[in-house]
Structures are given as structure tokens and as C-alpha cells.
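Quick note: numbers below take in every heavy atom, side chains included, and nothing from hydrogens, waters or symmetry partners.
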2 protein chains.
Amino acid sequence: MELSCKTEYALLALLELSSHYQQNEPLQIRQIAAQQHIPDRYLEQLLAVLRRGGFVRSQRGPKGGYLLAREPWKITLLEVINCLEGQNPQPPKAPVSPPPTAESAMVKEIWLEAHASSLSVWQRYTLEDVCELRDARQQLNLMYYI
Amino acid sequence: MELSCKTEYALLALLELSSHYQQNEPLQIRQIAAQQHIPDRYLEQLLAVLRRGGFVRSQRGPKGGYLLAREPWKITLLEVINCLEGQNPQPPKAPVSPPPTAESAMVKEIWLEAHASSLSVWQRYTLEDVCELRDARQQLNLMYYI
DNA sequence: AGCAAACTCCAGTGGAGAACCGGAGTATAC
DNA sequence: GTATACTCCGGTTCTCCACTGGAGTTTGCT
């Protein structure tokens, strides 16, 4: 599972929203974009996808912005990836798919095993997990300088 | 780890060579290409890469062709993938890589874990394994018709 | 009511890479 | 010495991804 730039941006945006989940006030696209170094007009599209996917909700008008639609410990990274990559389904395929041979069937099978193996990793982490890991990591880094 | 078309073709070609490993006589590009439904002029390029990678050796002239350079039980699928994908290394990157944030560092870390997880699957299989699995699978399929 | 701040929809563009294709060259069995 | 194979290298076409732009809509605030 290669992360496309799009998916990574989406994850970063959701992590940013998770960080501010307590405040319960919307974050604007520009704020998220600036914080995570994402082109804002592009992020706009991704947030629209995430909204349709039920991950965020939007609040229009002045003082508007985006909020997490669910608790950050109830959103796994895999769900997010599926939402984004689900838009353009790309199974392992040759451009003009030839009649399958016994060998290609085997390769596909092993590919599925490898794929499932990496998906299980993304499945294992929620947005909150990542935020906590990040905080722990930063605490650790600070300790080095004491 | 998405398999590119190129890598899948290379794997299929090597599996084809593995199947004929006992005979110890070279297979020609056209034979392999026809058997596995691969454009022959394209396969030619891939075999050149595999030759430089030490997976096959070539024999020129009439009655020439390609042979496995090593025993099929000493070649893992991962080695082959690395050889092919190693040509154009593609880590998870944004087009213009922005200064990393704490979040992006975390995502990259989890990506590495997921990646390693799928690589370990490809690592687990050798060319011979796949040929044997394929034969076993076909035996099984035949039994259904008895 | 009216303005401005925000999101929303839709269409298009530029570049990069992947998958091929072709031709000229070179080695080798017979 | 010739036909048969591999070898090298360049080009072409096509698709997809990241990103941009503009016109429109919703909503809070005064």
C-alpha cells in the first residue's frame, strides 16, 4: 500500500483536527494548510471527500471551518486510507489485462497476502494513538536536551 | 508495496524460467512472452535488468535465450522486487517535500512499519515455493472434476 | 438587509512516469 | 558467412496525480 500524496495530506489534516478536538471549535482550511504545509485549494478538495466519508463536518460562514465528526479514538488510519484510495480503485493490474495464467494467479494471491499484512498495520492505529505517540516522542526528544 | 506492471512481468518471466529449470536449456524471449502474455519487446528490457541483477544469464545466437542464474529456491520474490523497483526509488513523498511536521514524521514511521510488514511476505516466498504452490493448486483443481 | 468570510462545485492544466515500440548493432551456433 | 538470437538506446503515447481557478452558495455579524 503506497500512500499517495493525497492520502498523506488527508491524514495530516485529520491529525491536526484531532489535536484540537478538545476545544470543540472549528479549524479553518487555511489554518490546517499552513500548519501542515499543504496547498490550501487542494486541501479543500480532500476535506470535501473526508466530509462525504463521515470523518469531518463543516461549519460554513464566518468563524466556520472543519471539525472531526467522530471521536479521534474511533477513527483508524485504515478507514481514512480506504476513503481516499477508494475513489480511484487500483488493483494490481496490467494495462490491458491479459488472460490470467497459473503464475499470475499465484502472484496475485501473494500480493493479496502482502497487502493484507500492511493494511493490518494501518488498522492498528487510531488518530488518537498517533497524537499520543507524537506527544510521547516529543517529550523524549526534549529530555535529550536537559 | 504496489506491484508495478513491470515487476509483475519480471516475476512471471522468472517463474516461467523456474518451471524449466531442470531442462537446463535456454528459453527464448518470445516463448516466455507468448506463454505469459507479455509484449516481447518490453520483456526484453526487463530481462536485461534481471541479467544485470544477477537473476538470469543470457546465451546469444541461435538456440540462445535465457536461463536462471541461480537455483530457484535461492531467489526470493523480495529480491526480484527490489531489483526492479530499485531502478526508480519511490519513498512516500510529496512532490515538493515540505519541512516535516511532527505529524508527518509519525505518518512516515507508521508507513515504514506497514511497508516492512508487506515486504516480509514477499521475503517469505522463493521462486520454487511459488511453482510448488501452483502445482499443488492445480492438482487440487483437478480433483474437483473427478 | 447587506457584506464578507467561509465552504462547495466543477473544470482544466502541467508535469512525470509508466508501458511500449523501433532500429541499428553485436555475438554465436551451424 | 549467414541466420538467429540477444543488446543498447532513443523516442512516443497515454494516463494519472497534484494542483489551480473561477463562479456559486451558505451563514454569521452588524
Side-chain angles (χ1 to χ4, degrees), chain A residues 2-13 17 25-34 36-53 55-67 69 84-98, chain B residues 2-10 12-13 17 25-34 36-53 55-67 69 81 84-98:
Chain A
E2 300 292 322
L3 272 211
S4 68
C5 180
K6 172 163 51 169
T7 306
E8 181 167 0
Y9 285 163
L11 283 175
L12 294 180
L17 288 173
E25 54 188 22
L27 274 183
Q28 295 176 9
I29 288 183
R30 296 216 191 113
Q31 296 174 12
I32 304 174
Q36 296 292 336
H37 312 104
I38 305 173
D40 49 359
R41 296 306 305 271
Y42 191 38
L43 178 57
E44 183 182 297
Q45 293 174 29
L46 307 182
L47 285 171
V49 176
L50 290 174
R51 189 179 57 81
R52 286 190 285 272
F55 296 98
V56 299
R57 56 195 169 86
S58 63
Q59 194 168 316
R60 308 180 74 152
K63 300 277 179 185
Y66 283 92
L67 292 136
L84 272 291
E85 311 279 323
Q87 295 197 119
N88 42 347
Q90 37 185 353
K93 57 153 197 266
V96 286
S97 69
Chain B
E2 299 292 323
L3 274 211
S4 68
C5 180
K6 172 164 50 171
T7 306
E8 181 166 0
Y9 284 161
L12 294 180
L17 288 173
E25 55 188 22
L27 275 182
Q28 295 175 12
I29 289 183
R30 296 216 192 112
Q31 297 174 11
I32 304 175
Q36 296 292 337
H37 312 104
I38 305 173
D40 50 358
R41 295 306 305 268
Y42 191 38
L43 177 57
E44 183 182 298
Q45 293 173 29
L46 306 182
L47 284 171
V49 175
L50 290 174
R51 189 178 55 82
R52 286 190 285 271
F55 296 97
V56 300
R57 57 195 170 87
S58 63
Q59 194 167 315
R60 307 179 75 153
K63 300 278 179 185
Y66 283 91
L67 293 136
I81 291 174
L84 272 292
E85 312 278 324
Q87 295 196 120
N88 41 346
Q90 38 187 350
K93 56 153 198 268
V96 286
S97 69

Original post:
Quick one: B:Glu8 CD to C:dA19 C1', roughly how many Å, whole number?
Top reply: 14 Å

Original post:
Tell me: NZ of A:Lys63 to C1' of C:dC7, nearest whole Å?
Top reply: 16 Å

Original post:
Within the pair B:Arg30 and D:dT4, is there a side-chain N or O less than 4.0 Å away from OP1 or OP2?
Top reply: no

Original post:
With distance as the sole criterion, do the side chain of A:Arg60 and the base of C:dT8 form a donor-acceptor contact below 3.5 Å?
Top reply: no

**OP:** Starting from the 5' end of DNA chain D, give me the residue, A:Pro62 or A:Asp40, whose nearest nucleotide shows up first.
**Re:** A:Asp40

**OP:** Over all heavy atoms of both residues, which pair between A:Leu43 and A:Ala33 is shortest? Give the atoms and the distance, please.
**Re:** CD2-N, 3.7 Å

Original post:
Could you state the CD1-P distance from B:Ile29 to D:dC8, rounded to the nearest angstrom?
Top reply: 12 Å

**OP:** May I have the distance from B:Tyr42 (atom OH) to C:dG22 (atom P), rounded to whole angstrom?
**Re:** 16 Å

Subject >> Closest non-hydrogen atom pair between A:Tyr66 and A:Leu17, with its separation >> reply: O-CD2, 3.3 Å

Subject >> Pair listing, side-chain hydrogen bond (donor to acceptor under 3.5 Å, both in side chains) test, anchored in residues 39-51 of chain B, at least two apart >> reply: B:Arg41-B:Glu44

Original post:
Rounded to the nearest Å, what distance is computed from the CG atom of residue B:Leu67 to the C1' atom of nucleotide D:dC6?
Top reply: 13 Å

Original post:
What does B:Leu47 touch in the nucleic acid at a heavy-atom separation under 4.0 angstrom: a base, only the sugar-phosphate, or nothing?
Top reply: nothing

**OP:** State, to 0.1 Å, how close B:Ala10 and B:Leu46 come at their nearest heavy-atom pair, and which atoms those are.
**Re:** N-CD1, 4.3 Å

Subject >> Protein-nucleotide distance (B:Gln59, atom CD; C:dT28, atom P), rounded to Å >> reply: 9 Å

Original post:
CG of B:Leu17 versus P of D:dC6: gap in Å, rounded?
Top reply: 11 Å

Subject >> Among C:dA4, C:dG22, D:dG21, the one nearest A:Arg41 by side-chain distance >> reply: D:dG21

Original post:
Quick one: is A:Ser58 getting a side-chain N or O under 4.0 Å of the C:dT8 phosphate, OP1 or OP2?
Top reply: yes

Original post:
Which whole-number value in Å describes the distance from B:Gln45 CD to C:dC20 P?
Top reply: 10 Å

**OP:** Can you figure out which of C:dC7, C:dC21, C:dT8 approaches the side chain of A:Glu44 most closely?
**Re:** C:dT8

Original post:
Counting only side-chain N and O atoms of B:Arg52, is one of them less than 4.0 Å from OP1 or OP2 of D:dC8?
Top reply: yes

**OP:** Heavy atoms only: give me the nearest B:Lys63-B:Gln28 pair and the separation to one decimal.
**Re:** CA-NE2, 4.4 Å

Original post:
Has B:Tyr9 got a side-chain N or O lying under 4.0 Å from the OP1 or OP2 atom of C:dA19?
Top reply: no

**OP:** Report yes if a side-chain nitrogen or oxygen of B:Arg51 is closer than 4.0 Å to either non-bridging phosphate oxygen (OP1 or OP2) of D:dC8; otherwise report no.
**Re:** yes

Subject >> Phosphate-side-chain proximity, A:Tyr66 and C:dT8, N/O vs OP1/OP2 below 4.0 Å >> reply: yes

